[in-house]
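Have a look at the structure below, then the notes.
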Amino acid sequence: MKELKLSASKNYNITITDGKDLFIEKCLPYLSGEKVAVITDSNLMKIYPDYFEKLLPNKKVFYYTIKAGEESKDVNNYVGIMNYLVEKEFSRNDGVITFGGGVVGDIGAFSASTYMRGINLIAVPTSLLAMVDSSVGGKTAINLDKGKNLCGTFYQPNGVYIDLSLLKTLPDNELKSGLGEILKYKYVDGKKNISLDKIDEELIYNCLQIKAEIVAEDEREGGKRKLLNFGHTFGHAVEKLNNFTLAHGICVAIGIGYALRFSEKYYNGGKEDFNTYLSLMQKIGVDFSEAYDKYDKDKLIEIIKYDKKRKGDAIDFVLIDNEKKLRVVPVKIDDIKEYI
Ligand code: GLY
């Protein structure tokens, strides 16, 4: 077992362990009301219908299950969750558990953050991507027609419980998606020993340590936290061009390729990072050149225009300079095409 503390607008523990034995000790104290809503998806309900059995003694437990998949992270499901909580007479001291990957985590946390202006929230991420990134740091979201995560809040959970045994049933494609997000951490903190070779407690701890330090310093993404978006501007555009059928982390991994190409042209830099990147992409099982040829640049830019990181006629890109340091650089929308 490993444990991390995150100090932001809420201070909370992130428990990384193998199995659910520690859940009661680590999480139950934060679910003090009589009711708990477990927000989950259709796949998880099939595989783990009894996961919380015996973990929530003396609680009235309700389940709200959304269809698995990114398209479920929408306004309709959000309103559905809110109405469900009202119907079940949830009050401010009742709580929500998100049990799922990034989609469930984002929409469930957004619901918890807005229901009666915020109720207690425990995150139990089930995908590698959610374990190393989205369950920690307090970003909540739903998608709007024009793009991903355009509606959301910053709302820290009261605890995060990472049970590595849940990865046993994760499809290979989802493991690779998690590796895409882990690849990001390799660039965010070059000093940390992040390897894509072995998925274990230590790897998850190392990624989250980087994230916890950044979030503690810049919870609301005024500065340093923007670095955690490395690869995400193009990644989100690739995701949308694929109608969300390609896993988020795979899109981020492709987006990192675009960001590296962009950086090379922007800084007139060398090719070294790109070759390392290509070899790491083999572990993720994606051929970047193939992906790069596939996507129409104008279509990518058209999507990027609606990115949250837009400020006036420019978008903040996270680029890597010639000293291999990540930097946030505003680039005019009209100039994007010359760098990709
Ligand atoms: N996934 C990026 C962040 O949490 O800031």
Side-chain angles (χ1 to χ4, degrees), residues 70 133 139 141 143-152 177 180-181 183-188 218 221-278 280-281 284 286-340:
E70 185 73 31
D133 193 45
K139 280 190 180 174
N143 302 330
L144 298 181
D145 293 346
K146 284 286 186 196
K148 207 174 138 78
N149 298 343
L150 290 182
C151 179
S177 174
E181 202 73 51
L183 179 62
K184 169 189 84 177
Y185 286 108
K186 247 186 128 53
Y187 290 97
V188 172
D218 175 27
E221 204 169 290
K224 197 169 180 190
R225 187 164 181 174
K226 291 183 182 167
L227 302 184
L228 293 175
N229 294 324
F230 186 53
H232 281 61
T233 304
F234 284 104
H236 284 167
V238 167
E239 213 172 348
K240 181 138 174 68
L241 269 187
N242 282 288
N243 288 322
F244 300 109
T245 53
L246 201 56
H248 173 69
I250 303 277
C251 297
V252 168
I254 294 170
I256 290 173
Y258 277 100
L260 292 172
R261 276 195 94 109
F262 200 120
S263 305
E264 246 176 65
K265 291 190 189 167
Y266 189 88
Y267 289 109
N268 204 11
K271 277 211 168 276
E272 194 192 329
D273 274 315
F274 206 75
N275 290 331
T276 312
Y277 164 77
L278 289 177
L280 291 167
M281 284 298 271
I284 300 172
V286 177
D287 180 338
F288 175 74
S289 312
E290 205 178 274
Y292 181 75
D293 289 342
K294 190 169 148 193
Y295 302 114
D296 182 82
K297 289 182 182 147
D298 291 317
K299 284 190 184 155
L300 284 173
I301 293 167
E302 191 50 39
I303 296 170
I304 285 171
K305 272 191 197 167
Y306 293 96
D307 196 280
K308 288 189 295 313
K309 294 172 281 301
R310 179 166 177 170
K311 280 198 208 122
D313 61 354
I315 303 264
D316 275 347
F317 279 90
V318 185
L319 303 180
I320 187 160
D321 70 13
N322 289 338
E323 271 75 56
K324 300 191 183 177
K325 268 190 90 70
L326 293 192
R327 299 197 178 278
V328 179
V329 182
V331 179
K332 285 209 159 73
I333 288 167
D334 289 345
D335 296 341
I336 295 174
K337 202 167 175 181
E338 74 178 88
Y339 296 114
I340 59 174

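Computed over heavy atoms, backbone and side chain alike; hydrogens, waters and symmetry mates excluded.
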Might you work through the side-chain contact (heavy atoms from CB on, under 4.5 Å) test for Asp313 and Asp334, ending with a clear yes or no? CA-CA 8 Å; Asp313 61 354; Asp334 289 345; over 6 Å; no

One should read off an interatomic distance between Cys251 SG and Leu246 CG, to the nearest 0.5 angstrom, of 4.0 Å

ask   = Hey, are the side chains of Lys240 and Lys146 touching, using non-hydrogen atoms and a 4.5 Å cut-off?
value = no

Quiz item: Looking at side-chain heavy atoms only, is the closest gap between Tyr258 and Thr233 below 4.5 Å?
Solution: no

side-chain contact (heavy atoms from CB on, under 4.5 Å) evaluation trace for Lys186 with Leu280 | CA-CA 10 Å; Lys186 247 186 128 53; Leu280 291 167; 3.9 Å; yes

Salt bridge (Lys or Arg N to Asp or Glu O under 4.0 Å) pairs touching residues 244-262, sequence neighbours excluded, are none

Distance col, row Ile333:CD1 vs Ile315:CD1, nearest 0.5 angstrom, shows 4.5 Å

**Message:** side chain to side chain donor-acceptor pair (under 3.5 Å), that's the test. Do Asn243 and Glu70 meet it? Break it down for me.
**Reply:** CA-CA 9 Å; Asn243 288 322; Glu70 185 73 31; over 6 Å; no

Here the pair of heavy atoms bringing Ala314 nearest to Pro330 is CB-CB, 4.4 Å

Residue set satisfying side-chain contact (heavy atoms from CB on, under 4.5 Å) with Asp296, at least two apart, ordered chain then number -> Asp298, Lys299

Would one find more than 12 heavy atoms of other residues, nucleotides or ligands at under 6.0 Å from atom CG of Asp293? yes

For Ile284 and Ala253, the nearest pair of non-hydrogen atoms, with its separation, is CD1-CB, 4.0 Å

CD1 of Ile303 to NZ of Lys148, rounded to nearest 0.5 Å, is 12.5 Å

Step by step, would you call Ile256 with Phe234 a side-chain contact (heavy atoms from CB on, under 4.5 Å)? CA-CA 8 Å; Ile256 290 173; Phe234 284 104; over 6 Å; no

Sorted by chain and number, sequence neighbours left out, side-chain contact (heavy atoms from CB on, under 4.5 Å) with Tyr266 holds for Phe262, Leu319, Val329, Val331, Tyr339

*Examine distances only and state if a side-chain atom of Asn229 and a backbone atom of His232 form a donor-acceptor pair shorter than 3.5 Å.*
no

Contacts of Tyr267 meeting ring pair (Phe, Tyr, Trp, His ring centres under 6.0 Å) (sequence neighbours excluded), chain-then-number -> none

Distance col, row Tyr295:OH vs Asn242:CG, nearest 0.5 angstrom, shows 4.0 Å

Here the gap from Arg310 atom CZ to Lys305 atom NZ, rounded to the nearest 0.5 Å, amounts to 7.0 Å

If the threshold is 4.0 Å, N to carboxylate O, is there a salt bridge linking Lys265 and Glu338?
no

- Does the Asp218 side chain pair with the main chain of Lys224, one donor and one acceptor, at a distance under 3.5 Å? yes

| said: Side chains of Glu302 and Tyr306, heavy atoms from C-beta outward: is any pair under 4.5 Å? | reply: yes

In terms of heavy-atom contacts, Phe274 and Leu260 come closest through CD1-CB, 3.7 Å

For His236, the side chain to side chain donor-acceptor pair (under 3.5 Å) test, sequence neighbours excluded, returns none

Of all heavy-atom pairs linking Val328 and Lys226, the shortest is CG2-CB, 3.7 Å

Exercise. Looking only at atom types and distance, does a side-chain atom of Asn143 sit under 3.5 Å from a main-chain N or O of Asn149, one as donor and one as acceptor?
Worked result: yes

Separation between CD1 (Ile340) and CG (Leu300), nearest 0.5 Å, reads 5.5 Å

Exercise. Would you check, one step at a time, whether the test side-chain contact (heavy atoms from CB on, under 4.5 Å) holds for Lys297 with Tyr292?
Key: CA-CA 9 Å; Lys297 289 182 182 147; Tyr292 181 75; 3.3 Å; yes

Sequence neighbours excluded, the answer for side chain to side chain donor-acceptor pair (under 3.5 Å) partners of Asp133 is Lys184, Tyr185, Lys211

